[in-house]
J.: 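Right, I'll just put the structure down here and ask away after.
All values reported here derive from a predicted model rather than from experimental measurement. Quick note on labels: first sequence line is chain A, next is B, and so on, each numbered from 1.
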Protein chains: 2
Amino acid sequence: MELDERKKTILKLIIATYLETGEPVGSRTISKFNDLNLSSATIRNEMADLEELGYIVQPHTSAGRIPTDKGYRFYVDNLMEEKEDAEVEKSTLLERVDRMELLLKQVAKVLAYNTNYATLVTAPNYRKTVKFIQLSKVDEQTLLAVIVIEGNLIKNQIIPIDTILDNEDVLKFNILLNTFLQGASLEDINLEMINAMKKQSGEYSVILDQIFQGIIEAVHEANELEIYTSGATNILKYPEIGDISRTSELLEKFEDKEELSHLIEKKTGNKEESGDIQVYIGEENAVQNMEDCSMVTATYKMPEGATGTIGILGPKRMDYKKVVSTLKNLTIELDDIFNKRKGVNDDG
Amino acid sequence: MELDERKKTILKLIIATYLETGEPVGSRTISKFNDLNLSSATIRNEMADLEELGYIVQPHTSAGRIPTDKGYRFYVDNLMEEKEDAEVEKSTLLERVDRMELLLKQVAKVLAYNTNYATLVTAPNYRKTVKFIQLSKVDEQTLLAVIVIEGNLIKNQIIPIDTILDNEDVLKFNILLNTFLQGASLEDINLEMINAMKKQSGEYSVILDQIFQGIIEAVHEANELEIYTSGATNILKYPEIGDISRTSELLEKFEDKEELSHLIEKKTGNKEESGDIQVYIGEENAVQNMEDCSMVTATYKMPEGATGTIGILGPKRMDYKKVVSTLKNLTIELDDIFNKRKGVNDDG
DNA sequence: TATTAGCACTCAAATCTTATGAGTGCTAAC
DNA sequence: GTTAGCACTCATAAGATTTGAGTGCTAATA
């Protein structure tokens, strides 16, 4: 059954009012909106219909109505008009920084500051290639490997070695490593490549093993999905989650990057257009303890087609309009940085 | 008024029982300890005395007694026998790592895992000296500065520059920087030193300014008091803090390094012997919202006399014995690492 | 036929009432 | 100095009562 215009209007009013007050919305409240000019009895009839259709529900017999997940979904998809472009402050939120890592951390922070929800940001799934490796002697038996990856992701790795090395050796290794690894994608740095390097190097193979070991560790670390979060403690402010133990579980979940990456992974595989907003309401999250939460994510895009996600986790009863417009703005800014201003080095 | 032996015994039993159960302890409970052989009436008389002396208090008229801060203090100072060395599992908790930063993060984690409290660890206040600086060309107009500091604290800094540099230039700068800065204490890297370098360098002064700018930023960052925390969400499990908003404030405070550094600073200036345990109970913390918390810290020591702190923040009603012994163990292990095993490079 | 006024009904939340029982302080006896 | 006995206190839990917001239904109305 299609909703007629009046039902839509009423549903919209109910949800908007509920988002504002957090209290179940009664028929009289709605009938007071003077552009409606309907008595509470009529509203009641309409509400009964809306309830039968699954858009709203009564927490208990003599209470007003609150939206169901289906109701929220309809609101987000059809009823919520986004803020006019004019209204949206397009003030630049991001400072320019040179390192992808710092930039994304900043995004998470700014987003948390602007929405007062818990936020998470994933690094783009771009093909990470090595810009260069710098091996330096820390002391007689210790090396430092610095690996710089596209986007200026920097990894440091201390490598203890058995043999005493002089500067000549270190220089040689540097050249060897860079010859092979410069421009290589992190995924390509595997046993085969290492064996090739070993062959070429000849006598130094024992030390090289130790160095490779270190490099591989660093590469492995760099290759992990990076997720940055901010404002986790905002979760404590969602009253609807209720129980402190549930809240605490949720908070712990949010601090566990492993868990988060699952959460995000499920989301991807969608349309993946930059600026796309995805909203996951309540049960749609399919993660324990998140039935009372909504997640709103936006996809940002890098020039080569790599995409990343920025998003917030909040209570179902959240200001979707504001969140969506904030996310859109930030995505645009991020796209800008990646595509025009080149604040962060990309593959070019 | 001195406490006689019987009063001490009773106080100890009261506190020990309370630590276990969390319920106010009544006279009958105590009188049941058969090594005491006293009726509840007698215990009541003694309890009345102990209350008058300020060691225990009734939450309300018809309740049992719970310890006051003064009671806890007396318990910790005089009554609590620490676990026998034999009982304490001396299992090695720490993995050996080469970087101070990783080591301390690990300490915080291990401590949280073992105590189930929120933990914090400060880096030692050692004189940080530069081991070496490595400047590398990221691309035509970007440099990467890697600063390695004693203890293998590593800082990376991207430095954008206006001029296009060739490898020769970078090499020159490297030599220049290291000549001046190797072995220098971070505090010494100031305008004077930089002016001296500028004079020596001659023509490159414009670029040098940009490089110095970057180096100074990195040095500044490295010089900040590092505090590592872990297990913050354990705070949510302290039931005595009660109110979720208070808990949440406390949690936020705990995540604010600024705030934490104040908390720690107040503690220092004490005896500063390695292995020293300091216990701060309730009001002794003199930080808002921490009246219901206790903080237990231990000092660890580096060979040159630098000291750092490891500690936990928990509810007043905590297993002090266990916490103290865990802290002692970790401190010993840490001292070991710094002084014998040299897991982390020190000044040598 | 759609809308509305009227009214009985429901039920969460707040407030009050009333046990219950753990624990105390005091007193008099041992 | 210690203890038995007893009256007293008060937090907690469980019921009882009130209040009010809100509903569904029905009959009257436009």
J.: Tell me which one of A:S31, A:S27, A:S39 satisfies side chain to side chain donor-acceptor pair (under 3.5 Å) with A:R44.
T.: A:S27
J.: Give the ring-plane orientation class for A:Y55 versus A:F74, where under 30° counts as parallel, over 60° as perpendicular and anything between as tilted.
T.: perpendicular
J.: Charged N to carboxylate O below 4.0 Å: is that the case for A:R73 and A:E284?
T.: yes
J.: Send over the distance from B:K7 NZ to D:dT2 C1', rounded to a whole Å.
T.: 14 Å
J.: Return the value, rounded to whole Å, for the distance between atom CG of A:N37 and atom P of D:dA30.
T.: 16 Å
J.: Do B:S230 and B:Y113 get their side chains close enough for a donor-acceptor pair, meaning under 3.5 Å?
T.: no
J.: Let me know the distance between CD1 of A:I14 and P of D:dT23, rounded to the nearest Å.
T.: 9 Å
J.: When you get a sec, tell me which of C:dT4, D:dT23, D:dT2 is the closest nucleotide to the side chain of A:M47?
T.: D:dT23
J.: Whole-Å distance between C:dA2 P and A:I43 CD1?
T.: 16 Å
J.: Ignoring backbone atoms, establish whether A:S27 has a side-chain N or O less than 4.0 Å from OP1 or OP2 of D:dT23.
T.: yes
J.: Please report the distance, rounded to the nearest Å, between CD in B:E46 and P in C:dG25.
T.: 12 Å
J.: What's the CD-C1' distance between B:E52 and C:dT24, to the nearest Å?
T.: 15 Å
J.: Any N/O pairs under 3.5 Å between the protein and nucleotides 7-11 of chain C? List them or say none.
T.:
from: C:dT10; atom 1: O2; to: A:S62; atom 2: OG; distance (Å): 3.2
from: C:dC11; atom 1: OP1; to: A:T61; atom 2: OG1; distance (Å): 3.0
from: C:dC11; atom 1: O4'; to: A:S62; atom 2: OG; distance (Å): 3.2
from: C:dC11; atom 1: O2; to: A:S62; atom 2: OG; distance (Å): 3.1

J.: In this structure, how many angstroms lie between the P atom of C:dA2 and the CG atom of A:N45, rounded?
T.: 11 Å
J.: Assign each of B:T42 and A:E51 to its nearest nucleotide of DNA chain D by heavy atoms, then name whichever residue's nucleotide is nearer the 5' end.
T.: B:T42
J.: Using a strict cut-off of less than 4.0 Å between a Lys/Arg side-chain nitrogen and an Asp/Glu carboxylate oxygen, indicate whether B:E5 and B:K8 qualify as a salt bridge.
T.: yes
J.: Measure from CD1 on A:I30 to C1' on C:dT4 and round the result to the nearest Å.
T.: 18 Å
J.: Just to confirm, is there a sub-4.0 Å distance from OP1 or OP2 of C:dT3 to any side-chain nitrogen or oxygen of A:S39?
T.: no
J.: Of the listed nucleotides (C:dA5, C:dT3, D:dT23), which one gets closest to any side-chain atom of A:R65?
T.: D:dT23
J.: Does a side-chain N or O from B:R28 land closer than 4.0 Å to OP1 or OP2 of C:dT24, or not?
T.: no
J.: With no hydrogens and no angle check, just 3.5 Å: does a side-chain donor-acceptor pair link B:S40 and B:R28?
T.: no
J.: Is the ring pair B:Y238/B:Y117 parallel, tilted or perpendicular, if the boundaries are 30 and 60 degrees?
T.: perpendicular
